[in-house]
Amino acid sequence: MPDQLDLKKTINLPKTDFSMRANLPTLEPRILAQWEEMGLAKKIRSARKGRKTFILHDGPPYANGHIHLGHALNKILKDLIVKSKTMEGYDSPYLPGWDCHGLPIEIKVVRQKKAGMDLLKVRQQCREYARKFVEIQREEFKRLGVFGEWDSPYLTMSNEYEAETARLFGRFVEKGSVYKGFKPVHWCISCETALAEAEVEYADHSSPSVYVKFPLVGGSTSLHPQLADRKVFALIWTTTPWTLPANLAVCFHPNFEYSLLEVEDEIYIIARELLERVAQECGFEDYRIVITLRGEALKNLVFRHPWLDRESKSILADHVTLEQGTGAVHTAPGHGHDDYLMGIEHGLQIYCPVDDSGRFTSDVEHFAGLQVFEANPKINRFMAEKGVLVAEKTIVHSYPHCWRCHNPVIFRATPQWFISLDHADLRRRAIEEVKLVRWIPNWGQERMGSMLANRPDWCISRQRVWGVPITSFYCKKCEKPFLRSEIVDHVADIFQKESADAWYSRSVAELLPDGTRCQCGNTELEKEYDILDVWFDSGTSQHIVLREAENLPWPADVYLEGPDQYRGWFHSSLLIAVGVRNAAPYRTVICHGFSLDAEGHAMSKSRGNVISPLDVMKKDGAEILRLWVSSIDYTEDSRLGGEILSRLREAYRKLRNTIRFPVGNLFDFGASKQVSNEGLFELDRWALARMAWAAHQAEEAYKRFEFHVVYHTLYNFCVVDLSSFYLDVLKDRLYISAPDSLARRAAQTALFRITDTLVRLLAPILPFTCEEVWKNLYSHGGPVESVHLTEFSREIDQYQDKKLLERWEPLLKIRTQVSKALEESRQRKEIGNSLEATVNIQCGRRSFEYLQTFSEHLRFLFIVSHVELTEASELSGEKIEVSVSKALGEKCERCWNHLPSVGTHAGLPMICSRCYEVLQEIGVVKKVPS
RNA sequence: GGGCCUAUAGCUCAGUUGGCUAGAGCGCACGCCUGAUAAGCGUGAGGUCGGUGGUUCAACUCCACCUAGGCCCA
């Protein structure tokens, strides 16, 4: 007679090597190595060869520093698209790239090496520096589980890329869109060089603070009849009197109110809100407001320069503020950013009578040759003498200084290269293209459109070394720029062979075709030393990288970047593509939010709230990060912190364990053991129908790039449908039935198909774990050697069954009611395990009939030993009342059900009839002929 | 300061064109199980829908303003 120990051996408990705990930090690198070894990347490509392509074009990250959370978010999202499109059946090659040129790297190199390096040397070191970080970031991205052509990424510093960038610049030259103009930049007068914003340090500096009056020329009556014959002035405030010789306008805000203030016999125009402060600063004692006007009324006035014989126009502008000053803003288009924009908008000259060393040119009467800071007090004294200086003080304020020599810098218009937005209709065509692109989220269209509509011409020159040179020359004789598209192409061919370093290593003669001469006839030319804006560099990637011949057709199906790229890469890619190919380079643009800390603040070193993806990978694994990315609505900014990570770890464990159950219960299952659909239990068909429904939901969500919907759908399916219901109910059938019985094989068939479907759906999100599952699920040999070579299951579709799902809905509600009743009984200490219970259900007519259709399955579905249905005439149709009592009979030591049949089998006192039969079937007890 | 965006339970998300006591899962609390066991199951408690005002018979949903935060520009 078998004892208890032997009984345990007669049930079919799960067996698997798929461990409960993953230890992702060690598992992931192991799987990466396996993929490397089997050449998975190549196999995926050849498996999809000839299929329709889906191209996600990679926005190149900057090759500087280790990856941060934003990189991880971006690359994982891209990978979710590439992997899900691949599993949808597309050929979706992903060619990653790096942005290698630019100031940050140049600064690092120049700082390390101090001054005195020749330009070629600087470029070589920059190149090395960029290469180093490409290597570092490449490994970090691969570690995230991102699939791509990591062996052949595109680099904006490659010969090919630099040459093509130069050629594309040539296309704009060809069209006549490139011109040379002026634009104010930060300028260090002691280093005599332009400075980028990043090279400027802010420090306290004391400056004069002056109020200066600009007389209104004529027309005071037109402003207001009361003002006839009065002396009216605009009163401006500035801390840079030296910019006054370059004044060309006075700005007012159209919506502010301006008071005309009578002080002695003069009238000053001052913003009403600033009146008291200005009066105090200027020491006005007796004053009265003559009238108050809206800024709008100050349109089209003409003032005279305080001492020069020159007009200063009034301009209405939104940048005027009430923070300081008078509400009337001195505007010198050559010496300020807003001033410059006003100048462009209103056709003023970008006038800058200051030379490289910060001295006034001969253009400036009275002060020519003076250095601007030294000129300040002299100008003030001069104005005082002229009676135009209303007040003078000194203030200490934050002021830009040169990062190298620490002297205060000035803002000064310098010659720069531009691409005209309106030449060749570039702006209008770009705006038209924006409307043809699908923007996710859709407000992107509005944002991009209005940005294009309002932006000034594109300043494409930088006074730097590490980039693609602007391949223009200057005539030494007539001093005009010598810029020809044929020459640009000629030079680009040299770059192709030697990289753009050739611009620095070769002489002018070695760069130019023989016999090149300026239109003035001169043959003496010299090189331009400006380089192209890096946004021009990266904006060309679509044209350079996307080539039909390389299975990367243009335009890209998708661009996906953070919101800073509306101004950056989305923008420059569009302008270049429209300029060169007359169409947008992308069909869809997806914009994700920023990653923030747990409190919703931006991460920064100074705040000390930075979460490194490298740390998370080391501690929890890349898949925890991937789970995070898939769980959030990435179109908004997303938080990450300790609690969220801990929730994610728990979610991962739940998913892993839920999948582990079927894997463990399929240890003795294979294709040959599959049961036909007719052999499946209704419950199995229900579970398959739920899987089919969830699969459909998830696939549709993948198509809409709504990964969090995928995550929530699959996670809830695992938790609600599988773990707490289907799998829990199935334990009895799997463990207790004879191993090869139809009942058990039916359950296994369903489990197998569900797992097979589920693991494919989860593979884009959890590529490592799903690969591990795949190996275990197909331990006896599978259709393909990696889950990443499969497609989403189409086989599951046959189980879609809306009617069946509807039929089961009420049952699941009743099950909840039963659970409540069981819980109450448990609280009363009447039962512990639900198998100790009999459930009595008083039913209304309809419920009675409904529940009867589930017949003997009910007790298994509720996981109780007995269900008693009674029709109760006092209950209306669908109503039921549930009560719980102790189950009759003893506990079967094998299946743990409490049944009257336990003890009725000779020689096996603690066994129920069902178990007795199973034991006979598997030959543990002898079959007795009845 | 300007443009664009966001704000629903501790967390991550749902809430269709304004209309039933605002939903889910997790977490938490309490309990069960010990044949998924560093697992599994059940029950329960959590929300003035960022705030204020307005439109409406009715607002989480529409409008205005404010607050907090994000990106870009200044």
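Below, chain A is the first sequence line, B the second, and so on; all start at residue 1.
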Between B:U52 and B:C60, how many Å separate the two P atoms, rounded to a whole number? 12 Å
Distance between P atoms of B:A29 and B:U67 (Å, rounded): 39 Å
For RNA chain B, what is the dot-bracket line, given that a base pair needs Watson-Crick (N1 to N3, plus N6-O4 or O6-N4) or G-U wobble (N1-O2 and O6-N3) geometry with both distances under 3.5 Å, and | means paired with another strand? (((((((..((((.....[...)))).(((((.......))))).....(((((..]....)))))))))))).
Please compare A:V320 and A:N657 by the position of their nearest nucleotide in RNA chain B and report the one closer to 5'. A:V320
Would you say a side-chain N or O of A:K654 is under 4.0 Å from OP1 or OP2 of B:C41? yes
Presence of A:R660 side-chain N/O under 4.0 Å of B:U37 phosphate oxygens OP1/OP2: yes
Between A:F18 and A:R656, is there a cation-pi geometry (under 6.0 Å to ring centre, at most 45° from the normal)? yes
Compute the ring centroids of A:W693 and A:F717, then answer whether they are less than 6.0 Å apart. no
For A:L766 and A:E623, work out which heavy atoms get closest and say how close. C-OE2, 2.9 Å
Check whether any side-chain N or O of A:K820 sits under 4.0 Å from OP1 or OP2 of B:U43, and answer yes or no. no
So does A:E257 have more than 12 non-hydrogen atoms from other groups sitting under 6.0 Å from CD? yes
Out of B:C41, B:A74, B:G25, whichever nucleotide has its closest atom nearest the side chain of A:D338: B:A74
Work out how far the P atom of B:A58 is from that of B:C41, and round it to whole angstrom. 46 Å
Contact letters for nucleotides 61-73 of chain B, in which S counts primed atoms plus P, OP1 and OP2 and B counts the base, heavy atoms under 4.0 Å: --------SSBSS
Rounded to the nearest 0.5 Å, what separation is found between the SG atom of A:C892 and the CD1 atom of A:I736? 7.5 Å
Quantified in whole Å, what is the C1' atom distance between nucleotide B:C57 and nucleotide B:A14? 28 Å
Base, sugar-phosphate or nothing for A:I644? Non-hydrogen atoms, less than 4.0 Å. sugar-phosphate
On the nucleotide B:C5, are OP1 or OP2 found under 4.0 Å from the side-chain N or O atoms that A:T635 carries? no
Sugar-phosphate only, base, or nothing, as touched by A:R455 at under 4.0 Å among non-hydrogen atoms: nothing
Checking side-chain polar atoms at under 3.5 Å, does A:E561 have a donor or acceptor matched by the opposite partner on A:N74? yes
In terms of heavy-atom contacts, does CD of A:Q697 have more than 12 from other residues, nucleotides or ligands at under 6.0 Å? yes
Taking B:U21 as the reference, what is the distance to B:G15 when you measure between their C1' atoms (whole Å, please)? 16 Å
So, A:Y715 and B:G25: ring centres less than 5.5 Å apart, planes less than 30° off, yes or no? no
Look at all strands and tell whether A:S723 reaches a base, only sugar-phosphate, or nothing, counting heavy atoms closer than 4.0 Å. base
Of A:L13 and A:N716, the one whose closest nucleotide on RNA chain B sits nearer the 5' end is A:N716
